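Only one structure is covered here, and it is reproduced in the block below.
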Amino acid sequence: MNIIDVISYNNFLKSLFPNGMDDNVLIGKLSFELGGRFGVSIHTKQRPAKEVPKWGKWGVDYNVIVIHLLGGNGEVVNIKNWSDVEYSSVYLEKCENGFSIQQSGASHDIYFLFDALTFQNCTTYIEDLDISDI
């Protein structure tokens with residue numbers, strides 16, 4: 001299951017990633033509010049299928065897209081070594097009361113349950129390129 005498929009108001013995301021988003025992402029922000037609401041920002045280095053003029057040119061003006069989402073019924077949250085979070089695979093599963101996301105890296109683990117994700121916006125930035133990326 002691809003995470004884009006469970007996001008409400010995902011038309012723009014589907015135009016950027018018509019074949020889905022790859023699993024190599026970074027959960028860069030996770031914030032919680034009263035009533036089980038939460039925010040999550042997912043960073044991806046996946047090149048979009050179309051250019052977005054206000055973002056500029058891929059690889060020159062930006063090489064990371066951040067997808068900002070609001071979620072509902074966030075519960076059962078487990079985070080290990082938040083300061084060591086890195087790009088790695090994300091596993092999404094359908095559960096009895098919604099969905100679960102799990103991400104594990106070399107030294108971090110993130111797991112949380114939710115019932116809804118709603119697309120808010122995207123931002124971009126340029127991450128320093130390593131010479132091996134060229």
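Nothing here was measured: the structure is a model prediction, and the numbers come from that model. All values below were derived from every heavy atom in this structure, side-chain atoms included, with hydrogens, water molecules and symmetry-related copies excluded.
Separation of the His43 and Tyr125 ring centroids falls under the 6.0 Å cut-off. Ring centroids of Phe119 and Tyr9 are separated by 6.0 Å or more, keeping the two rings apart.
Of all non-hydrogen atoms in Cys122 and Trp55, the two that sit nearest each other are CB-CZ2, 3.5 Å. Minimum heavy-atom separation, Gly56 to Glu51: O-OE1, 3.2 Å. Here the closest heavy-atom approach between residue Gly59 and residue Ile126 is recorded as O-CD1, 4.0 Å. Shown here for Thr44 and Asn24, the closest heavy-atom pair between the two residues is OG1-O, 4.4 Å. Contact record, Trp82 with Gly28: CZ2-O, 3.8 Å, taken as the closest heavy-atom pair. Here the shortest heavy-atom pairing between Leu70 and Gly39 reads CD2-CA, 4.4 Å.
Residue Phe12 qualifies as enclosed at atom CZ: its count of foreign heavy atoms under 6.0 Å is above 12. For Glu93, the CD atom sits in a loose shell: 12 or fewer heavy atoms of surrounding residues, nucleotides or ligands are nearer than 6.0 Å. Around atom NZ of Lys94, more than 12 heavy atoms belonging to other residues, nucleotides or ligands sit under 6.0 Å away.
Residues Pro48 and Trp58 have side chains in contact (heavy-atom distance under 4.5 Å, counting atoms from C-beta outward). The shortest side-chain heavy-atom distance between Asp61 and Thr124 does not fall under the 4.5 Å cut-off. For the pair Phe17/Asn10, no side-chain contact is recorded, criterion being any heavy-atom separation below 4.5 Å from C-beta on.
Taken to the nearest 0.5 Å, the OG atom of Ser107 stands 3.5 Å off from the CG atom of Asp84. We find the CZ-CG distance between Phe99 and Asp5 to be 9.5 Å, quoted to the nearest 0.5 Å. Annotation: the span from Arg47 atom CZ to Leu16 atom CG amounts to 12.5 Å, rounded to 0.5 Å. Distance check, rounded to the nearest 0.5 Å: CG of Asn78 to OG of Ser100 gives 11.5 Å. Here the CZ atom belonging to Arg37 is positioned 12.0 Å from the OG1 atom belonging to Thr118, to the nearest 0.5 angstrom. For the atom pair NE2 (His108) and NZ (Lys80), the distance works out to 10.5 Å, reported to the nearest 0.5 Å.
Applying side chain to side chain contact (heavy atoms under 4.5 Å, CB included) to Val25 and the options Ile67, Ile42, Ile65 leaves one that passes, Ile42. In summary, of the residues considered (Ile27, Ile110, Leu30), a side chain to side chain contact (heavy atoms under 4.5 Å, CB included) with Ile101 occurs for Ile27 alone.
Residues Tyr91 and Phe114 do not share a hydrophobic cluster, defined by chaining ILVMFWY side chains whose heavy atoms lie under 4.5 Å apart.
Proximity of a side-chain donor or acceptor of Asn2 to a complementary backbone N or O of Ile4 within less than 3.5 Å is detected. Distance alone, capped at 3.5 Å, places no donor-acceptor pair between the Gln120 side chain and the His68 backbone. A distance-only check finds a donor-acceptor pair linking the side chain of Asn63 to the backbone of Glu127 [under 3.5 Å]. Judged purely by atom type and a 3.5 angstrom limit, Asn73 has no side-chain atom pairing as donor or acceptor with the backbone of Asp115.
A side-chain N or O of Ser88 and one of Gln103 form a donor-acceptor pair less than 3.5 Å apart.
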Residues Asp109, Ser104; criterion side chain to side chain donor-acceptor pair (under 3.5 Å); working and verdict: CA-CA 4 Å; Asp109 289 302; Ser104 296; 2.5 Å; yes

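Ring geometry, Phe38 versus Phe32: the interplanar angle falls from 30° to 60°, so the pair is classed tilted.
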